[in-house]
Amino acid sequence: MSCQAVLVLPGSAQSAALGEVEVGKPGPGQVLARTLRVGICGTDAEIDRGEYGEAPPGAERLVLGHESLLRIEGTGQLAVGIVRRPCPELCPNCASGRWDMCTTGDYSEHGIRRLDGFLRERLVIAADGLVPVPDALEPVAVLVEPLSIVEKAIAEAWAIQARLKWAPKRALVTGAGPVGLLAAYALRQRGLDVWVVDQRPPGSPKAEAVAAVGAHYVDDIDKAGAAFDIAVEATGYAPLLFAASGLLARNGVLALTGVTSGHHTVSVDANALNADMVLENQVIFGSVNAARAHYEQAVADLGDWVKRWPGATERLITARHPLADFRAALGKSPDDIKTVVEVGG
Ligand code: BGC
């Protein structure tokens, strides 16, 4: 049996195209699943630009898509696919289920690196690479994967801050894309006063998404105030990283979650940065990917949000395209938050 899929030729620009792929039969420990929908993020656009991505060993093309919502054939269980698989060497982190902290760097990622992704009608997947989702969360569960990125960054921040008695009150989020907004929601849920900075004008859909959970939106970082106990950088725009670090409170922590390819030279007062970090015990750390526990936390938090803020989480999905129209999903407009491809019903 074969099915339709979105395939890319890693390294070539604008290569994404619909094609047929073999589905295969599930072997031991595997299940057959149908893809309901797939979220599109900056990484997918980067892969389509030929700047990132790697085909599976022996293959020329890679099936795109890593933010999934699947239905398992037979049981009918809804599930989200875990993006990363452990390295073959099974480094100590991969061996203990922390593939997000892989030491060798030899990990694989569905739809990104060495493993086909989820932008296809059907697939065979390892049962232990799935996170179950209750049916009630079907409308929002495609957000589990991007939220897992946020859950990891937040969990890391809290783990780091176990170094002191920490009662965070003020949070800064730079960027009101999906990761930034999900971070804002997660930090509001944890009771913080949250300030989100983005370039969109006040009253725009991103600003409204911020207001919907009682967070503050500003279109200039200079309007956000200072003394933030925690900051989450979600743009990958390097100048904002330094701006955000300058707004940290004493003992504050800044999590970097975004990347931008290419180069960007900025001039910083390195002495001031060093002095602030030393004299105020500050931490800046990077965070990528997520382990199973972060996906499970994402499922739990989405369940809380849909009750706490009716309609708000659903409205983060601002555009839907059928599989045949996947290209429209790869090029989003500045007011779009999460764009999804509706693969199957
Ligand atoms: C994905 C992560 C992945 C990272 C780097 C992100 O878009 O959400 O799961 O680890 O890209 O490839």
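For reference, positions follow the sequence shown, starting with 1. Numbering of ligands and ligand atoms starts at 1, following listing order.
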| said: Given 3.5 Å as the limit, does a donor-acceptor pair link the side chain of Arg120 with the main chain of Arg122, or not? | reply: yes
| request: May I ask you to say whether Arg71 pairs ionically with Asp135, meaning some side-chain N is under 4.0 Å from a carboxylate O? | output: yes
| said: If the threshold is 4.0 Å, N to carboxylate O, is there a salt bridge linking Glu109 and Arg114? | reply: no
| query | Are His294 and Asn289 linked by a side-chain donor-acceptor pair shorter than 3.5 Å? | reply | no
| note | Quick note on ligand 1: atoms under 4.0 Å from a heavy atom of His66 include exactly 1 (C), 7 (O), 8 (O)
| note | Tyr52 heavy atoms within 4.0 Å reach ligand 1 at atoms 5 (C), 12 (O)
| request: Just jot down the ligand 1 atoms closer than 4.0 angstrom to any heavy atom of Val83, in number order. | output: 9 (O)
| task | Taking only heavy atoms of Arg84 into account, list the atoms of ligand 1 that are under 4.0 Å away from them. | result | 10 (O)
| said: How far is atom 12 (O) of ligand 1 from the closest protein heavy atom, and which atom is that? | reply: Glu109 OE1, 2.5 Å
| Under 3.5 Å, is there a donor-acceptor pair between the Glu233 and Thr174 side chains? | yes
| said: Could you work out, for atom 2 (C) of ligand 1, the closest of Asn289, Thr257, Thr43, Asp44 by heavy-atom distance? | reply: Asn289
| said: If we set the cut-off at 4.0 Å for heavy atoms, which region of Glu67 has an atom near ligand 1: side chain, backbone, both, or neither? | reply: neither
| said: Taking 4.0 Å as the limit for heavy-atom contacts, which would you say applies to Cys41 with ligand 1: side chain only, backbone only, both, or neither? | reply: side chain
| note | Which of Arg84, Lys152, Arg85 passes salt bridge (charged side-chain N to carboxylate O under 4.0 Å, His left out) with Asp100? It is Lys152
| remark: Of all protein heavy atoms, the one nearest atom 8 (O) of ligand 1 is Glu145 OE2, 2.8 Å
| task | Using the six-membered ring wherever Trp is involved, compare the ring planes of His110 and Phe118 and label them parallel, tilted or perpendicular (cut-offs 30° and 60°). | result | tilted
| message | As an exercise, identify every atom of ligand 1 less than 4.0 angstrom from a heavy atom of Ile149. | response | 2 (C), 8 (O), 9 (O)
